[in-house]
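Down below is the structure, laid out as structure tokens.
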Amino acid sequence: MTRISFPDDFLWGTATSSYQIEGAWQEDGKGESIWDRFTHTPGKIKDGSTGDVACDHYHRYREDVALMKEVGLRGYRFSVCWPRILPAGKGEVNQKGLDFYSRLTDSLLEAGIEPLLTLYHWDLPQALEDQGGWTNRDIARWFGDYAAVVARALGDRIKLWTTLNEPQIFGMLGYATGQHAPGAMDQLQYILLSHYINLAHADGVAAIRNEASAAKVGCVLQLPPIHPRSDSDEDRRAARVMDGLMNRWYAEPALLGRYPEDILELFKDLDLPILDGDLERMNQPLDFAGLNLYSRLFAYHDPNIPLIEGMLDFDYRRPGAEYTHFGWELYPKSIYESLMRFKNEWGDTDVYVTENGIAAEDQLVDGKVNDQDRIDFLAAYLAEVRRAMDDGVKVKGFFQWSFMDNFEWAEGYTSRWGIVYVDYESLERTLKASAHWYRNLIESGGYDR
Ligand code: IFM
């Protein structure tokens, strides 16, 4: 047995997002979001469900914060639903929306839990989508204005701020493959609008700093290692290109204030909408980076796609590898590999792991959920986090995904990610075995393995 220990001031938390847990989709003046529209469109969600009620966290947040306290959490990452604050996406502020997040923040602070706020976890106001959404250059300004409203209201109490959750995921799935809201399918358009995503992040950072001078501001990037599917030179190059498209295209602007040269070269005939002054505007130094990490991906060379000369292979199943119930490979080393990049490539910044976890087939039996697979997952990944810290990465905290079972986007309620079990009929919450394990880990600062 080895003891895996963490520093006393390590920020142990869990994470959620607004659309996935809040419900109350039409309450207290909230506007429609693209996810409201998308889930109400038949055929988009695997089990035909919506987030109309979800975990009803909007009404039960006090009970949820009490449970977080019971688990001994020191931190909690949540996101703000943009159309709750600005029903039309811009202009008139809905005070009742702000009041909800203000009450949530106060409850967390009273319970001794440090909030980490994410401004955008994919629930764009539908009113903005009707004006082009992320394809409209003005989105950066709209996002900055929204960030200012939230920072003005909560900046006196919230210290840790982040802008956009997983930019490349909502961009690709929402605008290129159509699996997520708003369901567009245009690869070229996605590449062009990715610049607006990076601009929006930067405008959000500037707005937060302007309104809340004590705020620590970061990004939240999902950065899976991308490995070549074979050892051939072509596949290796494909992996490097896919890493550029998927990871470095967002990490480098946020953390180094510039675009990666090789990808700019790849895009040189595309007429990217980068205007004079944009690169300066995008250069907004951060206080920390947030890493969301679950597994790795594979890439291969595809001679039929001259533009990118490589493809991500989402279906590739490596012989002998283990997969989660959700189909993602169990590969703990992935978190070590990604964390090391912050030290070696991206400015040696402070890092919080803002998401990591597993979907499992949890069953409630006699009032208990024995999710040993989740405990094993966390123990294996956290050992790799520790290893990265030993190798010099400045990891400051870890937010397990997710605090409770919730609405998993296009998969609906078919997969459970929480350390708290939610009965979707009664909405009753039950701590799983992993929640007890996490509590012990937090209390004792480590675990045996
Ligand atoms: O549920 C999502 C979350 O919203 C973003 N990161 C990945 C999680 C699991 O798929």
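Note that ligands are numbered from 1 as they come in the structure, with each ligand's atoms numbered from 1 the same way. All figures in this text were calculated on a predicted structure; none of them were measured in a lab.
Note on ring orientation: taking the six-membered ring where Trp is involved, the planes of Trp35 and Trp409 are tilted (angle from 30° to 60°).
With 3.5 Å as the limit, one finds no donor-acceptor pair spanning the side chains of Trp122 and Ser17. With 3.5 Å as the limit, one finds a donor-acceptor pair spanning the side chains of Glu337 and His227.
Within the structure, ligand 1 has Trp328 among the residues with a heavy atom less than 4.0 angstrom away.
From the protein, the heavy atom lying nearest to atom 1 (O) of ligand 1 is Glu408 OE1, 2.6 Å.
Panel note: side chain Arg341, backbone Pro225; no donor-acceptor pair is recorded below 3.5 Å.
Outside the 6.0 Å centre-distance limit, the rings of Tyr294 and Trp401 are not counted as a close aromatic pair.
Of the polar atoms of Gln20, at least one N or O is found under 3.5 Å from an N or O of ligand 1, judged by distance alone. Considering backbone and side-chain atoms alike, Glu355 places an N or O below 3.5 Å from some N or O of ligand 1.
Between the choices Glu166, His121, Gln222, His180, the shortest heavy-atom distance to atom 3 (C) of ligand 1 belongs to His121.
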